[in-house]
Each structure stands twice: as C-alpha cells, then as structure tokens.
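Encoded as structure tokens, the structure appears first; notes follow it.
Since the structure is predicted, the reported quantities are computational estimates derived from the model, not experimental observations.
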Amino acid sequence: MATPYVSDESGKYIAATQRPDGSWRKQRKVKEGYVPQEEVPVYENKYVKFFKSKPSLPPGLTEADATTGKPQQSMPDNDTTLSKTAKRNMKRKEKRKQEKGERDQVEETLQDLENVNISQTPVQKHVASAHKNGSASSDNPAAEKAKKIKNLRKKLRQVEELQQKIDCGEIKQPSKEQLEKLSRRKALEEEIEDLELDL
C-alpha cells in the first residue's frame, strides 16, 4: 500500500490515516527522499541474492517436464550437440550395459548347468546324497577308517594339550568335563591302535 503524501510550501507530509481500531494518526512532516518503513526493501546479503537468482529446477528440466512428471529425455546422438568427451562417455556406458547383460546371461546359464546333472540316475543321486550326509557306510571302508583315525588323533591331541595345561599350572582346578576327557585317553589310544592294525 503506497503512503499518501501531501506537499505544500513548508515541505512534504504524510497524510493523516485511520487505524484499524478507528482512531486517527497525525499528519507527519518528512524530509525529501523519505521512504516509509513498509516500503523499504528487506536487506539481502550476496548469498541470499545468489540463491534467489538460481533456478529452482535442475539444469535441462523445463517447467512443463516438472509439472507433468515426465523423466528427462536422454541426450540426442547428434554430432553437433555432443562434445568428444560426452560421445566417448556414452559409448562406454553402452559397452558396460552390454557386458553386464552378457555376464548376467552367462551366470544364469552356469547356474542352470550346475543344477542339472545328466549322468546320474535317480538311484545314483540318492546314493550321492547319502555320501554327503554320511549315511552310506559300505562303499569305501578304508577311507572311513582313515577318517575315524584322524578324528581320534585329534581328540587324543586335545587330551594331551589339556594334560599339559594342568601340569604347567595353567588350569588349577579342572572341571568335571575336563577330568572325563583325561580319563578317556587310554580308550582313545587303544581304539587308534585297533583301527591301524585293521588297515
């Protein structure tokens, strides 16, 4: 709202105005070049001015695209609009996409081949799965005995390590389980000897 000014020989005046409550403001004398408070522009530093001058949309997005929500069109392949670097980057992107697509196809094919095994019949598959689970016992007794000997030696080694810890004072009060483990030492040694004789 512009402030009404009244001029006469003695100077410039702001005319009397009525307040919202109905009372009147007095007429005020003002100097030449006076700008009323409500008409003074708000101070803006250079950063505020810079951000206000920036467009609100990203570069390349028009108002129409922003309102319709359409994605930005890809850059045209015209030789006149793209720089050498931009062309090179586009070629690299396309090449990566092709390589990724080929890799995905190869991986899918490999997975399919791993899942399919033509040489086995259903009965052989059952036997092969029994091997994996450890339920087949009569196929290779020598290998099983070797495996059992290996496990028994591991247990014997653990018993010996436990005995050394007790002897050197690392373990002062062995637990019930540790004492049971120590008492099984003779049985483990005898079982290993029996299995080695059978081999």
Side-chain angles (χ1 to χ4, degrees), residues 47 50-51 54-61 65-66 68-75 77 82-199:
Y47 299 107
F50 172 73
F51 283 110
K54 279 179 68 176
S56 60
L57 298 172
L61 185 66
D65 288 342
T68 58
K70 287 194 296 184
Q72 185 179 357
Q73 297 280 334
S74 61
M75 294 182 75
D77 286 336
L82 295 176
S83 66
K84 286 182 181 179
T85 310
K87 290 177 198 171
R88 194 178 316 130
N89 288 339
M90 284 182 68
K91 285 181 184 177
R92 285 181 185 162
K93 280 184 183 179
E94 289 171 10
K95 191 174 181 182
R96 275 192 220 119
K97 282 181 185 177
Q98 287 176 349
E99 287 175 0
K100 186 179 180 191
E102 289 171 4
R103 255 190 270 129
D104 290 344
Q105 288 175 348
V106 169
E107 286 175 8
E108 286 176 18
T109 309
L110 285 174
Q111 286 176 352
D112 291 343
L113 286 174
E114 286 174 0
N115 292 337
V116 175
N117 195 342
I118 300 169
S119 64
Q120 289 184 343
T121 61
V123 176
Q124 289 174 333
K125 282 185 183 178
H126 178 69
V127 170
S129 64
H131 267 297
K132 288 178 186 172
N133 297 335
S135 60
S137 59
S138 61
D139 285 356
N140 196 349
E144 283 187 31
K145 284 183 183 178
K147 190 174 179 183
K148 192 161 189 174
I149 289 172
K150 183 179 174 185
N151 286 336
L152 290 170
R153 284 188 179 149
K154 182 180 176 185
K155 287 179 184 177
L156 186 62
R157 191 169 51 248
Q158 288 173 345
V159 169
E160 288 170 354
E161 287 172 2
L162 181 62
Q163 185 65 49
Q164 285 177 353
K165 286 180 182 178
I166 292 171
D167 291 345
C168 71
E170 216 174 299
I171 299 175
K172 293 188 176 34
Q173 292 270 324
S175 68
K176 183 180 172 184
E177 290 84 15
Q178 289 172 330
L179 290 172
E180 286 177 14
K181 203 172 200 180
L182 289 172
S183 66
R184 279 186 260 142
R185 182 176 185 161
K186 280 270 189 214
L188 288 171
E189 288 173 347
E190 288 173 3
E191 200 172 344
I192 290 171
E193 283 177 26
D194 291 343
L195 287 169
E196 285 176 343
L197 290 174
D198 288 347
L199 283 176

Quick one: side-chain contact (heavy atoms from CB on, under 4.5 Å) partners of Ile166, sequence neighbours excluded?
Leu162, Ile171, Pro174, Leu182
Any chance you could measure Lys186, atom NZ, to Leu156, atom CG, to the nearest 0.5 Å?
11.0 Å
Among all residues two or more places apart in sequence or in another chain, which pass the side-chain contact (heavy atoms from CB on, under 4.5 Å) test with Glu190?
none
Quick one: which of Glu94, Lys95, Arg88, Met90 gives a side chain to side chain contact (heavy atoms under 4.5 Å, CB included) with Arg92?
Arg88
Quick test of your reading of the model: are Arg185 and Glu189 salt-bridged, counting only N-O distances below 4.0 Å?
yes
List for me each residue that meets side chain to side chain donor-acceptor pair (under 3.5 Å) alongside Arg157, sequence neighbours excluded, and say none if there are none.
none
Please round to the nearest 0.5 Å and tell me the distance separating atom OG of Ser183 and atom CD of Gln178.
12.0 Å
Distance (rounded to the nearest 0.5 Å) between Lys147 NZ and Glu144 CD
7.5 Å
Can you check salt bridge (charged side-chain N to carboxylate O under 4.0 Å, His left out) on Glu196 and Arg153, steps first, answer last?
CA-CA 12 Å; Glu196 285 176 343; Arg153 284 188 179 149; 2.2 Å; yes
Just to verify, what does Gln164 make a side-chain contact (heavy atoms from CB on, under 4.5 Å) with, not counting sequence neighbours?
none
Residues forming a side chain to side chain donor-acceptor pair (under 3.5 Å) with Glu191, sequence neighbours excluded:
none
Rounded to the nearest 0.5 Å, how far does CG of Leu152 lie from NZ of Lys145?
13.0 Å
Not counting sequence neighbours, which residues clear side-chain contact (heavy atoms from CB on, under 4.5 Å) with Lys54? List them please.
Phe50, Phe51
